[in-house]
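Working notes for the structure below.
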Amino acid sequence: MARANDEAAALIQELADLLSITGGDAFKIRAYEKAARAIAGHPGDIAGLDLAGLRAIPAVGDAIAKKVLDYNATGTIRQVEELRLQIPAGVRALTEIPTLGPKKALALYDELGVSSVDELATAIGEGRLRGLKGFGAKTEENILRGIELLRSAGERVLVDAAASVADEIVAALSALPQVERCAHAGSLRRMRETIGDVDVLAASRDPRPIMEAFTALPLAAEIVASGDKKTSIRTPKGLQVDLRVIPPESWGAALQYFTGSQAHNIRTREIAVRAGLKLSEYGLFHAESGDLIVSATEEEVYEHLGLPWIHPALREDGGEIEAALKDALPRLVTVDDLRGDLHSHTDLTDGIASLEDMAAAARARGLEYYAITDHAPDLVMQRMTDEKMLAQRERIRELQKEYPDLVLLHGTELNIGPEGDVDWDADFLSGFDVCVASIHSHFTQDQATMTRRLVRACENPHVHVIGHPTARSIGRRPPVDADWDEVFRAAARTGTAMEIDSFPDRLDLPADLIRRAQRLGVKFAIDTDAHSLGHHRNIRYGVGTAQRGWLTPDDVINTWPLTRLKAFLNPT
DNA sequence: GCCGTTTTCGGCCCGACTGTTTTCAGTCG
């Protein structure tokens, strides 16, 4: 799965990390970090590029291009190897501890020889940090707390968990009389697939009571920091929530700033600086006079930087600034664009709602067509039979009479076997309106086998959609290993759509693979894979992932009118 | 180390909070 791009980017990022510990020039470190992002996000494979090709990547100059050539030839970068001899990997790991950065990590290593998180915990236990310059009692306490957080997997949470915390806090704060506006920002607004902390923004002239109400919420199990402008808490489950209160007239600039990403903000602020301006969360100002230009809305801020408004899902410094400058931003797909859902289950297999209730939920979403796709017999535990499937088809035909405005499609979710074969013969398969095919077992095949397996599934004329293609489960099961460009080329050639499964722990395809697939001409289906009525609400996460993959409505087959969709499913 | 519709040299995003400090460095986002 790891491409040369990702490995080279990781090495250059490591170089930046190691230099920040050894005290390298801060601007050089930033240059490496920027280049690492550019290389990771570069659409082409860097393995085949020469010096000129590498230098054409933005933020990659002569020096970094040569390091990448070094990587292409040897699989590593000489400078990284040299620095690794100076700074043990464990010292870099120390900077993973919240509140402990590169400077403190180096001090601990130089003064005490501490080179791992475990050694640091021991050193504190033995009182060896006492008297070390810059390390007071409070710092020691914070480090211990940070180690605890690190170990208790106080990690990123799934997007739906973060969204429910954010919704609760925004609702509570919005009810306060002092609050004029309140919304969440940060990685949740950008719809990242996992969320490290929740950012909430409130507009008010009177911050104090808001901060007090915030820290008094039942969700505030711990207060991490508190000031008049910014307060941070941790929920009982360990999720950090940052609240920023800004004056109402700063709303647009603040929302832009706190939505990030940090890399995107650096780009927008650089544009401001070059134009003799200064951009902060309080507004866009003339650099010289300090006079305010705009701050009320995001649109105004972008406009005065010479840019169209950029959708939050694109704000990753992944080419959106360049596209905006050329007025070439995509018109991103939205939930409202979707006319149908091509993947759902009923209680005939592992769903928990009836066919009738699922159809009613689809109608409530305002869909024009809706596919029921229960599991096929090869997933033996689902106990599917030909008879059951045909009986369901009859029930759907009956039910259709009650749904003049919603076309019910009869489909199935096939199982892609280890060799790429699927359930049923061609004759039986041809009876379905739509067939999704997915991997449910044999996740650990080698890359060549897995690639053949997926390509073969694409080549089956009865397979219309590859369901949750990487089969990953975020935080639990890694994606399967395939040569994805090879799979995508097969999908584009055979007219097989790649699914974007909306389950918060799947979000599969992931956004980076969506972008690669789209560039190769692949079409997509954004589905809920609903197994219950509540799962229909997950669609916003699938759409958010599609947006992060830069998809337009035309890229997504279930935004199409039914006639166009049917032509795609059954080409003549 | 990168980069240029002011620049091939001299810049490089900006602000909040904490802790250990008496004026600021470190960390974070």
Side-chain angles (χ1 to χ4, degrees), chain A residues 12 15-16 19-21 23-38 54-68 79 94-108 129 131-143 145-146 185-187 190 195-201 207 211 223-232 240-246 250 253-254 256-285 287 290 305-306 315 317 321 325:
Chain A
I12 291 171
L15 190 53
L19 277 175
S20 73
I21 293 170
D25 173 38
F27 294 114
K28 191 196 271 196
I29 292 164
R30 256 196 54 197
Y32 283 137
E33 290 176 336
K34 204 169 167 180
R37 279 198 307 275
L54 289 166
R55 291 210 46 181
I57 301 172
V60 175
D62 210 40
I64 292 177
K66 281 181 178 146
K67 288 180 171 61
V68 175
Q79 289 89 340
L94 292 180
T95 64
E96 301 283 315
I97 300 170
T99 75
L100 206 163
K103 296 288 183 290
K104 285 199 170 75
L106 183 66
L108 289 166
L129 266 63
L132 196 58
K133 190 160 173 282
F135 291 79
K138 196 75 187 175
T139 298
E140 197 170 288
E141 203 179 294
N142 285 339
I143 292 174
R145 178 85 183 102
S187 54
R190 302 199 311 278
I195 307 296
D197 50 35
V198 171
D199 292 292
V200 176
L201 187 64
M211 295 308 189
I223 297 167
V224 179
S226 68
D228 271 352
K229 298 184 168 67
K230 176 184 172 181
T231 293
S232 300
Q240 184 167 322
V241 184
D242 297 335
L243 172 65
R244 283 294 297 254
V245 180
I246 44 91
S250 301
Q256 196 278 332
Y257 175 65
F258 291 113
T259 296
S261 65
Q262 194 173 12
H264 176 87
N265 286 351
I266 289 173
R267 295 296 305 276
T268 52
R269 288 177 180 206
E270 280 172 355
I271 290 172
V273 168
R274 256 180 259 127
L277 309 173
K278 186 188 75 158
L279 179 61
S280 77
E281 56 264 54
Y282 297 109
L284 187 62
F285 301 88
L305 292 173
R315 299 184 196 171
D317 190 18
I321 299 282
L325 287 168

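Proteins get letters first, then strands, A, B, ... in listed order; numbering begins at 1 in each.
Within residues 98-107 of chain A, the residues having any heavy atom closer than 4.0 Å to DNA chain B are, in order of number, A:Pro98, A:Thr99, A:Leu100, A:Gly101, A:Pro102, A:Lys103, A:Lys104. Of the residues in residues 256-265 of chain A, those with a non-hydrogen atom less than 4.0 angstrom from any atom of DNA chain B are A:Tyr257, A:Gln262.
Applying the side chain to side chain contact (heavy atoms under 4.5 Å, CB included) criterion to A:Ile57, with sequence neighbours excluded, gives A:Ala38, A:His42, A:Ile46, A:Leu49, A:Leu54, A:Val60. Residues that satisfy the side chain to side chain contact (heavy atoms under 4.5 Å, CB included) test with A:Ser20, not counting sequence neighbours, are A:Ile29, A:Pro102. Residues satisfying the side chain to side chain contact (heavy atoms under 4.5 Å, CB included) test with A:Thr99, not counting sequence neighbours, are A:Asn142. Residues passing the salt bridge (Lys or Arg N to Asp or Glu O under 4.0 Å) test with A:Lys34 are A:Glu270, sequence neighbours excluded. By the side chain to side chain donor-acceptor pair (under 3.5 Å) test, A:Asp62 is found to be paired with A:Lys66, residues two or more places apart in sequence or in another chain being considered. Applying the side chain to side chain donor-acceptor pair (under 3.5 Å) rule to A:Asp199 yields no partners; only residues at least two apart in sequence or on another chain are considered. Not counting sequence neighbours, the partners of A:Ala253 by the side chain to side chain contact (heavy atoms under 4.5 Å, CB included) test are A:Ser295, A:Val301.
Among the nucleotides B:dG29, B:dG1, B:dA16, the one closest to any side-chain atom of A:Lys229 is B:dA16. Looking at the side chain of A:Tyr282, the nearest of the listed nucleotides B:dG1, B:dG15, B:dG19 is B:dG15. Checking B:dC12, B:dC14, B:dT20 against the side-chain heavy atoms of A:Arg269 singles out B:dC14 as nearest.
In this structure, A:Arg244 places its CZ atom 10 Å from C1' of B:dC14, rounding to the nearest Å. Look at CD1 on A:Ile21: it is 10 Å from P on B:dT27, rounded to the nearest Å. If you take CD1 of A:Ile29 and P of B:dT27, they are 12 Å apart, rounded to a whole angstrom.
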Any protein N or O atoms within reach of nucleotides 21-24 of chain B? Criterion: under 3.5 Å, listing atom names and distances.
none

Can I get a per-line list of side-chain donor-acceptor pairs under 3.5 Å for residues 272-280 of chain A, giving both atom names and the distance, sequence neighbours left out?
| residue | atom | partner | partner atom | Å |
| --- | --- | --- | --- | --- |
| A:Ser280 | OG | A:Tyr282 | N | 3.0 |

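Comparing B:dC17 with B:dT23, their P atoms sit 22 Å apart, to the nearest whole Å.
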At under 4.0 Å between heavy atoms, which parts of nucleotides 3-9 of chain B does protein reach? Answer with one letter per nucleotide, 5' to 3': B base, S sugar-phosphate only, - none. S--B---

